[in-house]
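This report concerns only the one structure given below.
Below, each value reflects all heavy atoms present in this structure, side chains not excepted, and no hydrogens, waters or symmetry copies.
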Amino acid sequence: MRLRVKYSKGGRAVFLGHLEMLRLWQRAMRRAGLPLAYSHGFNPHPRLAFGPALAVGIESLAEYLDMELTVVLDPAEVKEKLQAELPAGLEILLVFAIPDQAPALTAIIDAAAYRVAWEEPPDPKILQQKAEALLSRPEVQVSRPGRDGARVKDIRPGVFQLAVKPEATLAMLLECSSRGVVRPEEVVSAMALEGPYRVTRTGLFIRRGDGLLAPEDLVNPTVTGPEAKMQRFMRR
Amino acid sequence: MQDIDWEKLLTRVTKPARYLGTEWNAIHKNWEENPVRMAFVYPDLYEVGMSHLGLAILYGAVNERPGMLMERAFAPGPDLEALLREEHLPLFSLESHRPLTDFDVLGFTLQYEMSYTTILNILDLAGIPLMASERAPEHPLVIGGGPGVANPEPVAPFFDAFLLGDGEEALPELLALVGRLKKEGAINDRRRVLKIIANLPGFYVPSLYKVEYNSDGTVATVVPREEGVPHRISKRVIPDLDEAYFPTRPIVPFLEVIHDRMMLEVMRGCTHGCRFCQAGAIYRPVRERDLSILLRQAEELVRHTGHEEISLTSLSTADYSRVEELARALAATYADQGVSVSLPSLRVDAFSVRLAEAVQRVRKSTLTFAPEAGSQRLRDVINKGVNEEDILTATGEAFRAGWQAIKLYFMLGLPTEREEDLLGIVDLARRILDQGRRLAPGGKPAVTVSVSSFVPKPWTAFQWEPQDRVEVIKEKQKLLRSHLRGPGLRFSWHEAEVSFIEAVLSRGDRRLSKAIVAAWRRGARLEGWSEYFNYGCWEAAFRETGLDPAFYACRLRREDEVFPWDHLDFGIAKDFLQRERRRAYEGRVTADCRSGRCTGCGVCPGLGVDLILKGGPRDSAVTGKI
C-alpha cells in the first residue's frame with residue numbers, strides 16, 4: 001500500500017541533508033517493523049520518495065514523503081509506530097493512504113510558502129514598500145552559481161505572492177516545481193534586505209486556479225480540521 | 001558553562017550532521033544527577049570515530065551505570081576548527097555541547113600513530129595544556145587506551161594515565177574511583193589521585209616512572225619514581241566475552257560513516273600468530289562468543305538500529321568456530337527485512353569464499369585477500385600459514401562464483417625480503433589474472449595489488465627489525481609499479497613517508513613527544529588523511545628537536561636491548577618473541593594455537609586466562625608446551 005506522510009523538521013534536525021533523511025527514514029521504518037517495499041532488479045532500492053528538496057539549515061512545518069509498504073496497515077498505527085522511532089526534531093503530522101496510481105509529490109507540488117523572520121525586525125512599512133516594489137518589477141534578475149560559472153535568471157515569474165505579517169516577518173509563496181525553483185534567499189537579496197534572518201518553510205502546495213491545495217487536501221478532502229486550515233497560506 | 005549559539009556556528013560548516021549529537025540511540029544523561037563525567041574523544045573525524053566498535057562498547061558500558069555519564073567528541077573538520085579558533089570557542093562534546101574542560105575525564109583512543117598530532121590539536125582546541133605536568137587540578141584527567149598503548153611512550157607526557165587492555169570493566173572502575181575521590185573532596189590533589197590510579201589493575205601512570213638512557217641513546221631503565229607504584233603493569237583481560245557487556249543499542253549516525261553497519265563482535269583475539277602482526281599479539285588470548293548469545297545480540301541490534309547490514313567483526317572472522325552456522329542463520333533470518341550480512345576479513349582459502357558467497361545477497365564487486373608476501377619462503381618467514389595452492393584455490397573459487405575483481409594485500413620491506421620476493425607478487429598477480437580469464441570467459445577480470453610498507457611493531461617477533469629507509473621503499477615501489485602494468489592489473493601503494501613516521505612513533509620513547517609537539521605546531525593534524533599529511537612538518541620537527549628518526553625506525557636493535565615499553569605487560573613473553581624471530585630466519589612456521597598445540601607465548605599462564613573456543617571441528621584446544 002502507498003502512504004503519504006506529512007511531517008515537520010525543526011531543532012537540530014534542520015541540519016540533516018537529503019541523503020541523511022533518506023537513510024534516517026529507512027532505518028526508522030525498519031526499527032518500527034514497517035515492511036518497506038523494494039524495487040526489483042540488480043540493485044533494489046526502497047520505495048520511498050520525498051517531496052521537493054529542502055535546503056540544509058531551513059526549518060519546515062510541512063514536508064512530505066511517500067512510502068510503499070508490502071502489507072496493508074492502519075495509517076494511524078503507522079504514524080504512532082514511526083513517530084516513536086524518529087530522532088528529535090522530526091514530527092509526523094499526518095499519515096494517509098493514497099491510491100497506487102497517485103502521481104509523485106514532485107509531479108504535483110508547484111509552490112512553496114516560506115516565512116522569513118529577521119533577528120532585528122525591520123520597519124514593517126519599509127518591508128511593505130520593498131515587497132510591493134519587487135512585485136511591480138517586470139523582471140527580477142538574480143545570479144546563480146553553476147558548473148560553468150554564474151548564470152543570470154529572472155525569478156519574477158516564480159514569485160507568486162509576498163506579504164508582510166505581524167512582527168515584521170515576510171511571507172512568500174514561491175515557485176517550487178520541476179520547471180523551476182525560486183529560493184527565499186534570492187528574494188530577500190533582490191529586495192535588498194539586510195541582517196541575519198531565519199527562513200521557515202510553512203507549506204508546500206498545488207496551485208489550482210487562484211487557490212492553493214495542500215497535498216493532503218488533494219487526495220483526502222475530509223481533512224478539513226484546524227490542522228489543514230492552519231497550513232493555508234495568506235488566509236487571515 | 002559558556003552560552004554558545006551552536007546553531008549559528010553549524011550553519012557555517014559543510015557537514016553539520018557530524019556535530020549534532022541527536023543521532024538515534026545517543027544517550028543524553030542528566031548532568032547534575034551524574035557527578036562523574038567523561039568524554040570519549042576520538043582523535044579523527046566523526047566518520048572515522050563512529051566506525052569504531054570500542055567507542056560503542058565503552059559508551060554503552062559507562063552510560064548504563066548510575067552516577068556516571070559519557071559523551072563523545074571528535075576532531076573537528078578543518079572548517080569548524082577555523083571557526084572555533086576565529087571565534088575563540090572551545091571544542092565541545094556532541095551530546096550536551098559542553099566544552100571538554102567541563103568533564104572530569106577525557107579518554108582518547110590511540111588507534112594509530114598518525115592520530116597523535118590530532119590529540120594535541122584537540123587538547124589545544126579544548127584549552128587544556130598539552131603537557132600533563134602543566135595541568136591544574138581543575139583540568140580533566142586525560143587518559144588513553146587502545147592498541148597505541150602497546151607503546152604509549154612517545155605520547156606519555158601528554159597523558160595522566162593509560163589503560164592497558166580491555167576497557168569495558170576497567171574504565172567504569174576508574175570512573176567509580178573518580179566519583180569517590182570527588183565526593184571526598186580529594187580529587188584536586190592530583191599527585192595523590194594519580195598514585196591511587198597507578199594501583200588500579202591495568203592503569204599506567206607514566207609520570208610516576210623515570211626513564212634513563214644509555215650513552216648510545218637506547219633506554220637503560222624505566223622504573224617507578226617512588227614507593228607504592230607497581231614495577232610492571234599488566235593489561236586487563238575480559239576472561240569470558242559471554243559475560244561482558246556488549247552494546248545492542250549503538251548510535252546510528254546520520255552521516256554515512258566509514259563502516260556504516262551493525263557490528264557483531266564474534267570473538268576477540270586471533271590465533272594465527274603472523275609475526276608482523278601487533279593486534280594478533282596484544283589482543284590474546286582468543287575468546288569466542290557463544291552462538292546463541294550472538295544470535296540474540298544480532299536480533300537486538302537489528303531491532304534497535306534499523307541498519308541494513310550486519311558485519312561479523314573480529315581480527316579473523318572466518319576462524320570463529322561457529323562462523324558458518326552464524327552467518328547462514330543471520331542471512332536466512334534477516335533477508336526479508338532487507339538486512340545483509342558481511343564478513344570484513346576473508347581468510348585466504350576456499351572456505352571463506354564459499355562463506356562469502358553463501359551470505360552476501362548483493363554481490364560485492366571486489367573480493368579481497370591478504371597473502372602479505374609474494375613468495376612461499378617469505379610467507380613462511382612471516383608465519384602467514386598459506387601457500388600458493390590456498391591462494392589460487394580461493395581466487396579460483398571467487399571467479400567461479402562470479403566475482404570479477406580480486407584485490408590482494410601485500411607488504412613490502414619485510415625482514416629477509418629479496419627482489420625475487422617482490423617479483424613473486426607480480427607473478428602471483430599475473431597468475432590470478434590468467435586464472436580469471438580462464439575461469440570467467442567473456443568477463444573482465446581485474447587484479448588490484450595493494451602494497452603497504454612493513455612497520456615493525458612492539459610485541460611482535462619483528463620488534464627488533466629495522467624498517468627499510470624511505471628511498472629503499474620507494475625503489476621497491478618503483479620496481480613493482482614497472483612490472484604491474486597492463487590490462488586488468490592495478491597497483492596501489494602507501495606513501496613511504498607515512499610508514500616511516502609510523503615506524504618512528506610505534507617503537508619510540510618519551511623524547512619523541514617533543515617532535516610530536518613540534519610537528520603539530522607546524523600544522524600537522526588529521527594525518528591519517530593523505531590530503532592533510534605533510535612530511536615537511538615532521539622533517540622540520542626532527543631538525544628542530546635534534547632527534548634522529550632513523551634511530552627509531554631503521555636501526556637493527558640488539559637482542560638484549562631494553563625497550564621503552566618493557567615495563568608494560570601484554571602477556572607475551574619476550575623470549576617467545578625472540579624464539580619466533582629465530583624461527584622466522586629459519587623459515588619455520590609455528591602452528592596456530594587453535595590446533596591444540598600451545599606455542600608458549602606466555603599469555604594464558606601469565607595473565608591467568610584461557611583460550612575460549614565454542615565448539616566446531618577445530619575446537620580441541622588443550623595445553624601442552626612444544
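- For CZ of A:R115, the number of neighbouring non-hydrogen atoms (other residues, nucleotides, ligands) closer than 6.0 Å is 12 at most.
- One distance of note links CG of A:L24 with CD of B:E23; it measures 10.5 Å at 0.5 Å rounding.
- We find the CG-CG distance between B:L255 and A:L16 to be 8.5 Å, quoted to the nearest 0.5 Å.
- Only the side chain of A:V56 has a heavy atom closer than 4.5 Å to any heavy atom of chain B.
- Contact of the B:E256 side chain with the A:E20 side chain is not registered, since no non-hydrogen atoms from C-beta on lie closer than 4.5 Å.
- In this structure, A:E120 places its CD atom where only 12 or fewer heavy-atom neighbours from other residues, nucleotides or ligands lie under 6.0 Å away.
- Put simply, the side chain of A:R23 reaches to within 4.5 Å of the side chain of B:D260, judged on heavy atoms.
- With contacts defined as side-chain heavy-atom distances shorter than 4.5 Å, the pair B:H307/A:Q26 does not qualify.
- For A:E194, the CD atom counts as loosely surrounded, since its 6.0 Å shell holds 12 or fewer non-hydrogen atoms of other residues, nucleotides or ligands.
- Of all non-hydrogen atoms in B:W24 and A:L86, the two that sit nearest each other are CZ3-O, 3.3 Å.
- Atom CD of B:E64 is surrounded by more than 12 heavy atoms from other residues, nucleotides or ligands within 6.0 Å.
- Shortest non-hydrogen contact noted between B:T305 and A:R27 is O-CB, 3.8 Å.
- In this structure, B:R303 and A:R31 approach most closely via the heavy-atom pair O-CG, 3.5 Å.
- There is no contact between B:D336 and chain A, counting heavy-atom distances below 4.5 Å.
- The CZ atom of A:R30 sits 12.0 Å away from atom OH of B:Y334, with the distance rounded to the nearest 0.5 Å.
- Looking at B:K15, neither its backbone nor its side chain comes within 4.5 Å of chain A, counting heavy atoms on both sides.
- Residues A:F15 and B:L20 share a closest heavy-atom pair of CD1-CD2, 3.6 Å.
- Both the backbone and the side chain of A:P87 come within contact range of chain B, with heavy atoms under 4.5 Å apart.
- Proximity to chain B (any heavy atom under 4.5 Å) is shown, for A:R12, by both the backbone and the side chain.
- The environment of A:R2 atom CZ is dense: over 12 non-hydrogen atoms of other residues, nucleotides or ligands sit within 6.0 angstrom.
- The environment of B:E531 atom CD is dense: over 12 non-hydrogen atoms of other residues, nucleotides or ligands sit within 6.0 angstrom.
- Applying the 6.0 Å contact sphere to CZ of A:R151 captures no more than 12 heavy atoms from other residues, nucleotides or ligands.
- For B:H304, the part lying under 4.5 angstrom from a heavy atom of chain A is the backbone only.
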